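All figures in this text were calculated on a predicted structure; none of them were measured in a lab.
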Amino acid sequence: MKIKICGIRRDEDVRCLNESLPDYAGFVFAPSRREVTPEQAMSLRRKMDRRIQVFGVFVNAPVETICERVREGSIDAVQLHGDETERDIQQLRKRISVPIIKAVRVRETADIRSADRLSCDFLLLDTYSSAGYGGTGKSFAWELIPEKLAHPFFLAGGLDEHNIRQAIRQVRGRYCGDGCCGAGCCGVDVSGGVETDGVKDGQKIARIVEIAHME
């Protein structure tokens, strides 16, 4: 199973990723304690192993801002984590050619089915919170995920080394597709689950990447 470590913001974080080699990393370009500036993102990207693809996480950002980050080369894919619409996705399609991931804050199955009609490349299924757009540290009920989706998806929300194996096996068992080439769960997304006292923990990253890659 592929794994993404999100919320990278320090040189120390990058060193941990270069040692553990997750498949993906994430830079947050939205108000958050994990937010990075464009300059920080470029600096971190230059130090990161090129085998790791980087997602840029945006919340209701202007299309031009997103395109600038892509053109600068700090990110390889765009993750829309706000209230973005099909129109926003289409505008991005006209200007950039990188993968587009749309996050879904799951309250019920209908939320996922609605997002599955969008023209993005992937979905990212996360836990709903009325307090914000992500980073809840809590899991949602995985049985809410429909057994058939048009999009491959990433599973997020409260994942850590203690529940990642269960999550992968349960979701893959019901929704397995052909990796990222077909509909089904193609990866897991972790942020707070690999932190200690609010910062990325190299030992936790190494353990969770190993677990995911063994599944």
Nearest-0.5 Å distance, [atom1] of residue [X] to [atom2] of residue [Y]:
{"X": "Leu149", "Y": "Glu147", "atom1": "CG", "atom2": "CD", "value": "10.0 Å"}
{"X": "Cys120", "Y": "Glu84", "atom1": "SG", "atom2": "CD", "value": "10.5 Å"}
{"X": "Cys6", "Y": "Leu124", "atom1": "SG", "atom2": "CG", "value": "8.5 Å"}
{"X": "Lys4", "Y": "Leu155", "atom1": "NZ", "atom2": "CG", "value": "12.0 Å"}
{"X": "Leu118", "Y": "Gln90", "atom1": "CG", "atom2": "CD", "value": "9.5 Å"}

Over all atoms of both residues, closest heavy-atom pair of [X] and [Y]:
{"X": "Arg95", "Y": "Cys67", "value": "CB-SG, 3.8 Å"}
{"X": "Leu123", "Y": "His151", "value": "CG-CB, 3.9 Å"}
{"X": "Lys2", "Y": "Cys186", "value": "CB-O, 3.6 Å"}
{"X": "Val171", "Y": "Cys185", "value": "CG1-CB, 3.6 Å"}
{"X": "Val59", "Y": "Gly82", "value": "CG1-CA, 4.0 Å"}
{"X": "Gln79", "Y": "Asp189", "value": "OE1-OD2, 4.3 Å"}

Contacts of type salt bridge (Lys or Arg N to Asp or Glu O under 4.0 Å), residue Glu39, not counting sequence neighbours: none
Whether [X] side chain and [Y] backbone form a donor-acceptor pair below 3.5 Å:
{"X": "Asp160", "Y": "Asn163", "answer": "yes"}
{"X": "Thr196", "Y": "Asp201", "answer": "no"}
{"X": "Asp116", "Y": "Ala150", "answer": "yes"}
{"X": "Thr109", "Y": "Leu144", "answer": "yes"}
{"X": "Asp23", "Y": "Ile3", "answer": "yes"}
{"X": "Arg93", "Y": "Ser119", "answer": "yes"}
{"X": "Thr127", "Y": "Lys138", "answer": "yes"}
{"X": "Asn18", "Y": "Arg15", "answer": "no"}
{"X": "Asp49", "Y": "Val14", "answer": "no"}

Glu64/Arg69 ion pair, N-O < 4.0 Å: no
Cationic N near anionic O, under 4.0 Å, Lys47 to Asp11: yes
If only side-chain N and O atoms count, and only distance matters, is there a donor-acceptor pair under 3.5 Å linking [Y] with [X]?
{"X": "Asn60", "Y": "His81", "answer": "no"}
{"X": "Ser191", "Y": "Arg34", "answer": "yes"}
{"X": "Thr85", "Y": "Asp88", "answer": "yes"}

Assigning hydrophobic clusters by single linkage (Ile, Leu, Val, Met, Phe, Trp, Tyr; side-chain heavy-atom cutoff under 4.5 Å), is [X] placed with [Y]?
{"X": "Leu44", "Y": "Phe58", "result": "yes"}
{"X": "Met42", "Y": "Tyr24", "result": "no"}
{"X": "Val28", "Y": "Val190", "result": "no"}

Do [X] and [Y] have side chains that get closer than 4.5 Å, going by heavy atoms?
{"X": "Asp126", "Y": "Phe140", "result": "no"}
{"X": "Val78", "Y": "Val57", "result": "no"}
{"X": "Gln40", "Y": "Phe29", "result": "no"}

Derivation of the side chain to side chain contact (heavy atoms under 4.5 Å, CB included) call for His213 and Val209: CA-CA 6 Å; His213 283 170; Val209 170; 3.6 Å; yes
Counting only heavy atoms not in [X] (residues, nucleotides, ligands), do more than 12 fall under 6.0 Å from its [atom1]?
{"X": "Glu210", "atom1": "CD", "answer": "no"}
{"X": "Arg33", "atom1": "CZ", "answer": "yes"}
{"X": "Glu35", "atom1": "CD", "answer": "yes"}

Side chain to side chain contact (heavy atoms under 4.5 Å, CB included) between Ile75 and Val98, worked out: CA-CA 9 Å; Ile75 59 175; Val98 300; over 6 Å; no
Phe55 vs Ile101, side chain to side chain contact (heavy atoms under 4.5 Å, CB included): CA-CA, chis, key distance, verdict: CA-CA 9 Å; Phe55 291 25; Ile101 299 93; 3.7 Å; yes
Ile205: which of Glu195, Glu161, Lys200 passes side-chain contact (heavy atoms from CB on, under 4.5 Å): Lys200
Results of ring-ring contact (aromatic ring centres under 6.0 Å, His included) for Phe27 - residues two or more places apart only: none
